[in-house]
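Letters A, B, ... mirror the listed sequences (proteins, then strands); counts begin at 1. From a predicted model like this one, the values you see are computed outputs, not experimental measurements.
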Amino acid sequence: MSPAATKPAAVKITPALTMEIAKASKLQLTDLEVKKFTRDLQEILNAFSVLDTLDVQGVKPSFQPVQHLDVLREDKVRASLSQEQALSLTKQKENGFFIGPRTID
Amino acid sequence: MTEIPDQDQIPEISARDYSVQDYLKKVKAGKIDVVMYVQKALEKAREYDQKYHFFTTICAERALQQAKEIQLKVKHQTAGRLAGLLISVKDNICVKGVESTAGSRILKGYTPLFNATAIERLEKEDAIIIGKTTQDAFGFGSFNINVGLGNAVPLNPLDIRRTTGGSSGGAAGMTAAADFVHVALAESTGGSVEAPASFCGVVGFCPTYGKISRYGLISYADSLDKIGIMSKNVEDVVPVLEIISGFDEMDGTALADESEHNAKKTKRTIRKIGVLNSSFDKNVSPAIQSALREIQEKLQEKGCSVEEVSLPITSKYGIAAYYILSTAEASTNLARFCGLRYGQEASVKGKSFSEYFTEIRSQNFNEESKRRIILGTFTRMAGYRDAYYLKAAKARSKIIAEYKKLFETYDLLISPTMPLVAPTFAEIGKLTPLQHYLMDILTVGPNLAGIPHASIPIGFSEDMPIGLMVMADQREEEKLLQFLALVEEAVQKRNERA
């Protein structure tokens with residue numbers, strides 16, 4: 001774990017970090033957005049650093065709130081979308097396939 | 001309820017006079033012309049929409065076609081249990097063949113090829129969907145001002161200078177304004193049913209996490225999202241809740257059917273009520289505190305014991321835990337919206353996938369969506385994940401335990417729903433994003449704990465409604481509804497607006 005991970009309050013959000021996060025999120029921000037989100041993120045994370053003061057030693061995380069038993073559905077074949085239906089919501093299609101952007105530069 | 005006249009005397013059946021049950025009985029008995037009723041309701045819905053911007057889509061043709069079919073079924077005595085009941089649906093719940101965008105621009109043009117399970121169950125019982133209601137895009141907001149690019153902000157029908165609340169603003173506004181019999185399907189992640197219900201003066205009911213299937217709900221944060229119900233009064237929640245609840249194999253988190261919990265369904269005497277001491281913090285308006293004190297007295301008159309209790313962990317850490325978890329989940333859920341296969345698209349020619357996805361997402365997500373994606377991506381990044389996301393998930397465990405402990409002693413918990421009445425748009429404009437998030441201080445707790453809760457109107461301040469939030473232990477919907485009816489009866493006079 002990095003030092004930042006143990007002390008969130010110490011995290012310094014810079015415009016460069018905001019742009020790095022945006023890039024990972026596939027977002028191109030304007031200069032104004034970079035400025036605004038850098039300021040907002042810093043303010044929000046400073047407030048959330050209150051979590052540093054909570055003792056969670058030995059506490060298991062809850063990834064959802066209600067205890068469930070494992071539920072398996074029967075393994076049976078059922079109707080799914082036809083190829084025509086699946087393609088019906090886009091203009092970018094050809095010969096029964098979706099057209100997408102190129103994946104190799 | 002007033003005596004209902006025969007069909008030939010009914011120009012309109014007003015929701016002010018008739019409950020859902022009254023209406024359903026009349027339809028079943030053939031005393032209401034469903035087609036005519038739907039036509040009139042659609043005209044009114046269009047009027048409300050022009051004035052207050054409650055809808056993203058009104059599906060008139062579909063509704064009228066359904067009405068004609070139901071009219072025939074009524075004639076042949078084959079109509080379902082909700083025959084002719086008009087339902088508006090929050091835009092993030094998929095309705096087959098009706099544009100469903102979660103209030104966003106990036107999903108403009110998306111018309112689902114399937115119904116959400118809740119819709120499927122309603123339509124199987126012959127309810128009629130009239131349209132999709134306005135919301136903050138993807139549910140990201142408490143005031144419904146974060147609408148998708150190009151969408152209109154809904155206005156509070158009690159005072160158009162004020163917010164409806166969010167994110168289910170269109171649903172709450174429509175429920176408050178509609179003078180025809182109608183129920184709204186809404187959705188809460190951290191308070192999106194309760195806040196707008198409080199600001200618009202209607203009942204907003206949010207069940208235990210998993211009680212209503214999320215299949216077909218456009219996700220904000222899967223571990224928190226719950227479909228809920230809004231109506232003018234408590235008894236109108238029941239017929240809809242009964243139909244849409246229950247196990248669904250299409251949702252891995254749907255609760256198993258309730259046979260194992262039947263014991264809890266027995267009607268019990270409600271004796272002990274805990275009132276959260278955070279209700280009297282300095283950030284809660286004095287008028288709301290005073291309304292709560294009055295309710296306490298009325299409950300005591302009705303034989304309940306009311307004591308102040310505290311949830312120190314929830315009060316201190318709830319907002320941070322909620323926003324870290326919800327934005328982390330949202331940032332992954334929104335990764336699927338990239339301009340391919342459905343929704344907004346542009347030409348892909350000559351573009352790499354990275355260029356194309358970045359272009360579509362940057363042009364079509366609104367500011368708050370970008371802010372939450374960035375926050376959520378950050379808290380999941382290597383080096384930060386344990387300190388934020390994992391810590392928040394552990395905080396959530398402590399919050400759940402804290403509620404459970406109180407429910408060992410108290411039947412129900414109460415607090416105001418919101419710390420203030422619906423603010424004006426001018427007041428909202430002065431808040432920073434963090435101050436927006438802090439407005440959810442009273443609603444994030446029950447949402448993190450997955451417990452059933454509801455907002456119910458208990459009077460007015462500044463001529464605007466005040467909401468009381470009532471919380472029950474997980475799977476205790478019956479007890480919650482029983483108590484809400486008691487509150488409704490106790491505050492009947494307070495809810496008559498000056």
Is there side-chain contact between A:Phe63 and B:Leu390, with at least one heavy-atom pair below 4.5 Å? yes

Let me know if B:Met381 has heavy atoms under 4.5 Å from chain A in its side chain, its backbone, both or neither. side chain

Need one label for B:Ala335: side chain, backbone, both or neither, based on atoms under 4.5 Å from any heavy atom in chain A. neither

As an exercise, state the distance from CG of B:Leu113 to CG of A:Leu89, rounded to the nearest 0.5 Å. 4.5 Å

Any carboxylate oxygen within less than 4.0 angstrom of a Lys/Arg side-chain nitrogen, looking at A:Lys36 and B:Glu368? no

Kindly compute the distance separating NZ (B:Lys391) from CG (A:Leu54), expressed to the nearest 0.5 Å. 5.5 Å

When the 4.5 angstrom heavy-atom criterion is applied to A:Leu87 and chain B, the contacting part is neither

For each of B:Leu438, B:Thr377, B:Ile399, tally heavy-atom pairs with chain A at distances under 4.5 Å, and name the one with the top tally. B:Thr377

Heavy-atom distances under 4.5 Å only: say whether B:Glu367 touches chain A with side chain, backbone, both or neither. both

To the closest 0.5 Å, what do you measure between CG (A:Asp55) and NZ (B:Lys394)? 10.5 Å

Could you check A:Leu41, A:Leu17, A:Thr38, A:Asp40 and say which one makes a side-chain contact (heavy atoms from CB on, under 4.5 Å) with B:Ile374? A:Leu41

B:Phe114 portion near chain A, given a 4.5 angstrom heavy-atom threshold: neither

Do you know which of A:Ile13, A:Leu29, A:Thr53, A:Thr18 has the most heavy-atom pairs with chain B at a distance under 4.5 angstrom? A:Thr53

Please test B:Arg371 against A:Glu43 for salt bridge (charged side-chain N to carboxylate O under 4.0 Å, His left out), starting from the C-alpha separation and ending with a verdict. CA-CA 13 Å; B:Arg371 185 179 289 107; A:Glu43 187 191 17; over 6 Å; no

Approximate separation, where rounding is to 0.5 Å, of A:Phe37 CZ and B:Ile373 CD1: 9.5 Å

Give the intermediate values and the outcome of side chain to side chain contact (heavy atoms under 4.5 Å, CB included) for residues A:Phe48 and B:Ile319. CA-CA 8 Å; A:Phe48 291 0; B:Ile319 287 279; 4.1 Å; yes

Atom pair OG (B:Ser354) and NZ (A:Lys23), whose distance is rounded to the nearest 0.5 Å: 7.5 Å

Given heavy-atom pairs under 4.5 angstrom as the criterion, report whether the side chain, backbone, both or neither of B:Ala254 touches chain A. backbone

Side chain to side chain contact (heavy atoms under 4.5 Å, CB included) between A:Ile44 and B:Tyr323, worked out: CA-CA 10 Å; A:Ile44 291 164; B:Tyr323 274 96; 5.9 Å; no

Name the region of B:Tyr209, side chain, backbone, both or neither, that has any atom closer than 4.5 Å to a heavy atom of chain A. both

Quick one: does B:Ser352's side chain have a donor or acceptor within less than 3.5 Å of a partner on A:Arg102's backbone? no

Sort B:Ser347 into side chain, backbone, both or neither according to what part of it lies under 4.5 angstrom from a heavy atom of chain A. backbone

Part of B:Lys316 within contact of chain A (heavy atom distance under 4.5 Å): both

B:Lys370 meets the salt bridge (Lys or Arg N to Asp or Glu O under 4.0 Å) criterion, sequence neighbours left out, with A:Glu33

Listed by chain and number, what are the salt bridge (Lys or Arg N to Asp or Glu O under 4.0 Å) partners of A:Lys26, not counting sequence neighbours? none

What part of B:Leu448 gets closer than 4.5 Å to chain A, counting heavy atoms only: side chain, backbone, both or neither? backbone

Should we say atom CD of A:Gln28 is surrounded by more than 12 heavy atoms from elsewhere, each under 6.0 Å from it? no

Which residue out of A:Val56, A:Ile99, A:Val66 racks up the most heavy-atom pairs below 4.5 Å with chain B? A:Val66

Heavy-atom cut-off 4.5 Å, strictly under: side chain, backbone, both or neither for B:Ser331 against chain A? neither

Between A:Pro101 and B:Phe353, which heavy-atom pair has the shortest distance, and what is it? CG-CA, 3.4 Å

Tell me, do B:Tyr388 and A:Val11 make a side-chain contact under 4.5 Å, heavy atoms counted? yes

Expected output: side-chain B:Arg361 to main-chain A:Leu27 donor-acceptor under 3.5 Å: no

CG/B:Leu340 to CZ/A:Phe98 distance, rounded to the nearest 0.5 angstrom? 8.5 Å

Engaged part of B:Ala346 at the chain A interface, taking heavy atoms whose separation is under 4.5 Å: backbone

Identify which of B:Met250, B:Arg341, B:Lys351, B:Glu359 forms the greatest number of heavy-atom pairs closer than 4.5 Å to chain A. B:Arg341

Which region of B:Ile400, side chain (C-beta onward) or backbone (N, CA, C, O), has a non-hydrogen atom less than 4.5 Å from a non-hydrogen atom of chain A, or is it both or neither? side chain

Provide the closest heavy-atom pair for A:Leu51 versus B:Ala395 in the form atom of the first, atom of the second, distance. CD2-CB, 4.0 Å

Contact winner vs chain B - A:Gly100, A:Ala22, A:Ala24, A:Ser88, heavy-atom pairs under 4.5 Å: A:Gly100

Just checking, is any N or O donor in the side chain of A:Gln64 or B:Thr253 under 3.5 Å from an acceptor N or O on the other one? no

Would you say the side chain of A:Thr90 lies within less than 4.5 Å of the side chain of B:Tyr342, judging by non-hydrogen atoms? no

B:Ser223 to A:Pro65 - nearest heavy-atom pair and separation: O-CD, 3.3 Å

